[in-house]
Amino acid sequence: MKKTVLTTAVLGLFLFAAQLAYAEEGWVSLFDGKSFEGWKASENKDSWKIVDGELVCHGPRSHLFYDGDLKPLKDFEFKAEVMTTQGSNSGIYFHTRFQPEGWPRYGYEVQVNNTHSDPKKTGGLYGVADVFEAPAKDGKWFEMHITVQGKRVVVKVDGKQVVDYTEPADQQSAAGGFVRAIGEGTFALQAHDPKSIVHYKNIRVKKLP
């Protein structure tokens, strides 16, 4: 009995120390695992659910925008654990801004797609620095790590760098009125279509000087 209590106490201290070290590194959680506090959905709000501490998108097009106190963000590191299902498509936008409907006009999208028919795959900077071979698999959690500093964007999937892009000084607006430019803004997660089911958890950010 005493051994069990001692083991539990040691484990508790270890977890507390790990959490403290994590916080000291400057990382801030953006999702509490139980509510949509700090987030705002656009059209088709029912496409978003919270299941077992995860954000799950499944339904018609909708974008879930971070609306918490840390926005706007400029230079940062962003991490999230992501799991796709067969044939699913999603995305993570940064330097975007809330809009009530449609595909986000502002900011860049980091693609989330391992087996959807769209040839642009996970980790690519959509339409700008695309990835055509999926670096992750459906049904398995992978870590998306996005770093933006100055005009440079680096994307890693499970620690493997898949994009290193520097925005040119003469960056032109994308077709269709979309503005793909590094500046500042917020994040948005994408519910792409009714057939896509994608899970997100452990969403966090660290502002960079």
Side-chain angles (χ1 to χ4, degrees), residues 15-43 45 47-51 53-57 62-83 90-112 122-123 125-126 128 141-159 163-167 178-191 198-209:
L15 291 174
F16 176 77
Q19 291 171 351
L20 185 61
Y22 187 76
E24 288 175 347
E25 290 176 357
W27 289 94
V28 179
S29 176
L30 301 184
F31 172 54
D32 63 13
K34 57 186 179 182
S35 74
F36 288 103
E37 182 177 357
W39 295 86
K40 183 178 182 181
S42 63
E43 58 193 329
K45 295 176 176 59
S47 292
W48 294 96
K49 298 286 190 300
I50 297 173
V51 181
E54 304 162 11
L55 278 173
V56 182
C57 60
S62 179
H63 292 84
L64 189 65
F65 292 82
Y66 173 67
D67 195 39
D69 295 336
L70 292 178
K71 67 172 180 59
L73 294 109
K74 186 177 181 181
D75 294 336
F76 62 85
E77 287 187 64
F78 172 98
K79 289 184 178 181
E81 292 181 48
V82 186
M83 184 171 64
S90 183
I92 301 170
Y93 285 81
F94 64 87
H95 285 183
T96 191
R97 62 184 74 170
F98 179 80
Q99 62 186 64
E101 60 183 17
W103 308 107
R105 292 186 58 229
Y106 295 92
Y108 285 94
E109 178 191 2
V110 177
Q111 176 76 312
V112 175
T122 292
L125 208 55
Y126 198 91
V128 176
W141 289 102
F142 61 89
E143 182 185 73
M144 186 76 82
H145 183 184
I146 305 166
T147 302
V148 177
Q149 194 156 32
K151 295 294 184 179
R152 185 184 181 195
V153 181
V154 174
V155 181
K156 296 179 180 179
V157 177
D158 281 340
V163 166
D164 187 345
Y165 170 78
T166 299
E167 185 180 271
F178 292 94
V179 181
R180 300 293 175 245
I182 293 175
E184 64 176 27
T186 191
F187 302 110
L189 307 179
Q190 181 185 80
V198 179
H199 301 243
Y200 291 91
K201 66 179 182 179
N202 294 339
I203 305 168
R204 61 254 197 225
V205 70
K206 178 168 67 173
K207 284 189 173 184
L208 299 177

Exercise. Kindly determine whether Val110 and Leu125 satisfy side chain to side chain contact (heavy atoms under 4.5 Å, CB included), including the steps that lead there.
Key: CA-CA 5 Å; Val110 177; Leu125 208 55; 4.0 Å; yes
Practice problem: List the steps and the verdict of side chain to side chain contact (heavy atoms under 4.5 Å, CB included) for Asp164 and Val155. | Solution: CA-CA 7 Å; Asp164 187 345; Val155 181; over 6 Å; no
Practice problem: In sequence, state the C-alpha distance, the side-chain angles, and the governing distance for Trp39 and Phe31, and then conclude on ring pair (Phe, Tyr, Trp, His ring centres under 6.0 Å). | Solution: CA-CA 8 Å; Trp39 295 86; Phe31 172 54; 7.3 Å; no
Self-check item: Criterion side chain to side chain contact (heavy atoms under 4.5 Å, CB included) on Leu189 and Tyr66, from CA distance to verdict
Solution: CA-CA 8 Å; Leu189 307 179; Tyr66 173 67; over 6 Å; no
Practice problem: Test His199 against Leu55 for side chain to side chain contact (heavy atoms under 4.5 Å, CB included), laying out the working first. | Solution: CA-CA 6 Å; His199 301 243; Leu55 278 173; over 6 Å; no
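Within a 6.0 Å radius of NZ in Lys201, other residues, nucleotides and ligands contribute more than 12 heavy atoms.
A donor-acceptor pair is defined here as one N or O able to donate and one able to accept, closer than 3.5 Å; no such pair exists between the side chain of Lys79 and the backbone of Trp27.
Contact of the Val198 side chain with the Val56 side chain is not registered, since no non-hydrogen atoms from C-beta on lie closer than 4.5 Å. The side-chain heavy atoms of His63 and Trp48, taken from C-beta on, include no pair separated by under 4.5 Å. When side chains are defined from C-beta on, Leu64 does not count as touching Tyr200, because their heavy atoms never get closer than 4.5 Å. Considering only heavy atoms from C-beta on, Thr186 stays 4.5 Å or farther from Asp67 through its side chain.
In terms of heavy-atom proximity, Ile203 sits nearest to Ala80 at CG1-CB, 4.1 Å. Residues Met144 and Gly123 come closest through the heavy atom pair CE-N, 4.1 Å. Cys57 and Gln190 make their closest contact through SG-O, 3.6 Å (heavy atoms, listed as atom of the first residue, atom of the second, distance). For the pair Ile182 and Glu167, the tightest heavy-atom approach, listed with the atom from each and the gap, is N-OE1, 2.8 Å. Considering every non-hydrogen atom in both Ser42 and Phe65, the closest pair reads CB-CE1, 4.1 Å. For Tyr93 against Arg180, the heavy-atom pair with the smallest separation is CE2-NH2, 4.4 Å.
Gln149 and Asp75 share no donor-acceptor pair across their side chains, judged by distance under 3.5 Å alone. Residues Thr96 and Tyr108 have side chains that never bring a donor and an acceptor to within less than 3.5 angstrom of each other.
Looking at Arg204 and Glu143, a side-chain N of the basic residue comes within less than 4.0 Å of a carboxylate O on the acidic one, giving a salt bridge. Comment: Glu184 does not engage Lys74 in a salt bridge, judged by the lack of any side-chain N to carboxylate O separation of less than 4.0 angstrom.
Rounding to the nearest 0.5 angstrom, the gap separating the CG atom in Leu70 from the NZ atom in Lys207 is 5.5 Å. Remark: His95 NE2 to Leu73 CG distance equals 7.0 Å, nearest 0.5 Å. Considering NZ of Lys206 and OG1 of Thr147, their distance stands at 8.5 Å, rounded to 0.5 Å.
Ring orientation note: the planes of Phe94 and Phe76 are nearly perpendicular, at an angle over 60° on the 30°/60° scale.
Geometrically, Lys40 engages Phe98 in a cation-pi contact, judged by NZ or CZ lying under 6.0 Å from the ring centre and within 45° of the ring axis.
Taking the six-membered ring for Trp and the full ring otherwise, Phe78 and Phe187 have centroids separated by under 6.0 Å.
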